[in-house]
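Side-chain atoms are counted along with the backbone in the values below, which use heavy atoms only and exclude waters and symmetry mates.
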Amino acid sequence: MNLRVAWRLLCLLVMKLSTSTLLLASLSLIPACMNKNTGLGTDTAESQMDQQDSVEAEGNVMMEATDGADMASATTLTADAVAAKISTNITARWAPSTCVTVTQTGANLKVIYNDCTGSRRHLVHVSGELDLAISVELATGAVDVHGTSDSLMVNGADLAIDATAVYTRTGDDRKVVVHSTGTGTGPRGNDIEHQGDYTVTWNPTSQCGAIAGHWQTDFTSATATAERSNDVDVSRCATGCPTGMITHHYVRGAALTITFDGTATAAWSTSLGGSGTVALQCQ
């Protein structure tokens, strides 16, 4: 057995023990397992940053597509008309202007990105196909967009997306409420998986937005399946680094907290005494 495999097995054993039965040696290993990139993509500070970055990228792609889709001045609001508006918006928002093509079939859109940049929301190097199905809630004017992709490359992440976004606008504030199930590989190379709900807000005047929500990942062993979960509340402006916090809850009750203070370095700490930093690419 090589050293890499042995480390993975040791970390799995340590993380599965309950906090009431942990040995002193195990306590000393948990922070290392949390910070060691074992390739498991579930428990390190870096892997949680991959989860955060990937979900935020997914939400920002959905916001970039749906922003302005409310058509408040339209006398007749239909799904086909909203799809046409979204198609026009998408074509105009990405650079270079030739990097994206949109094909409309009724209320459905096929969007093909080829190394596009949407810099307002920190989206760079977006490639792949995103399929959108649009419907309208006539009573409220909300626009529902179901987005799917088998492989959407965003900011170094490779995302499989199945997300339903409800877009609303109040004055200058835009909001999408997203229910999402996603998998893929994060920009740091960790496997990612999430299922949950989050809200993305955006204000084009201040060029600032936020993501807040809760999602979970499944942990499966030979005998059982359990859930890890994330609580996220992070804000970010178009030119700057994030502020806010991510809390990752482990199966047995321990927690990893990542704190953003507006600089290019995030600090992490665990409820069992581990701590460290993660470099961000945000400036």
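- Proximity of L280 to P242: side-chain heavy atoms (C-beta onward) are separated by under 4.5 Å at one or more points.
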TODO: Start with the C-alpha distance between R169 and K175, add both sets of side-chain angles, then the distance that settles side chain to side chain contact (heavy atoms under 4.5 Å, CB included), and finish with yes or no.
DONE: CA-CA 6 Å; R169 175 178 173 179; K175 179 172 71 175; over 6 Å; no

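- Shortest non-hydrogen contact noted between G274 and W268 is C-CZ3, 3.7 Å.
- To the nearest 0.5 Å, atoms CG (N60) and CZ (R236) are separated by 8.5 Å.
- When only modelled atom types and interatomic distance are considered, H194 and S180 share a side-chain donor-acceptor pair under 3.5 Å.
- Side chain to side chain, S127 and N114 fail the donor-acceptor criterion of an N or O pair below 3.5 Å.
- Between L123 and V126, the shortest heavy-atom distance links the atoms CB-CG2, 4.2 Å.
- When only modelled atom types and interatomic distance are considered, D80 and T78 share no side-chain donor-acceptor pair under 3.5 Å.
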TODO: Would you sort out whether V143 and T168 count as a side chain to side chain contact (heavy atoms under 4.5 Å, CB included), showing the intermediate values?
DONE: CA-CA 7 Å; V143 175; T168 56; over 6 Å; no

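- Partner of M245 under the side chain to side chain contact (heavy atoms under 4.5 Å, CB included) criterion, chosen from D233, D231, T257, D261: T257.
- Put simply, CG on L109 and CG on L132 are 5.5 Å apart, with the number rounded to the nearest 0.5 Å.
- Residue N89 holds its CG atom at 7.5 Å from CG of D67, rounded to the nearest 0.5 Å.
- Minimum interatomic distance between S54 and P187 (heavy atoms only, all atoms of both residues): OG-CD, 3.9 Å.
- Between the side chains of H146 and D162, at least one donor N or O lies within less than 3.5 Å of an accepting N or O.
- Between the CG atom in L256 and the NE2 atom in H249 there is a gap of 10.0 Å [rounded to 0.5 Å].
- Between D53 and R188 a salt bridge is recorded (basic side-chain N to carboxylate O distance below 4.0 Å).
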- [ ] Show your working on side chain to side chain contact (heavy atoms under 4.5 Å, CB included) between W215 and V232 and close with a plain yes or no.
- [x] CA-CA 9 Å; W215 53 82; V232 175; 3.5 Å; yes

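- Of all the heavy atoms in A254 and S271, the pair that sits closest is CA-OG, 3.4 Å.
- The shortest heavy-atom contact between V176 and A165 is CB-CB, 4.4 Å.
- Under a 4.0 Å N-O distance rule, the pair D131/K110 does not qualify as a salt bridge.
- Proximity of a side-chain donor or acceptor of T265 to a complementary backbone N or O of A279 within less than 3.5 Å is not detected.
- Using modelled atom types, one finds a donor on one side chain and an acceptor on the other under 3.5 Å when comparing D172 with T205.
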Task: Stepwise side chain to side chain contact (heavy atoms under 4.5 Å, CB included) check, Y113 with L152 - done: CA-CA 9 Å; Y113 302 95; L152 190 68; 3.9 Å; yes

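- Note that the OG1 atom of T181 and the CD atom of Q195 stand 4.0 Å from one another [nearest 0.5 Å].
- Here OG1 of T199 is found 13.5 Å from NE2 of H214. Values are rounded to the nearest 0.5 Å.
- Within a 6.0 Å radius of CG in D150, other residues, nucleotides and ligands contribute 12 heavy atoms or fewer.
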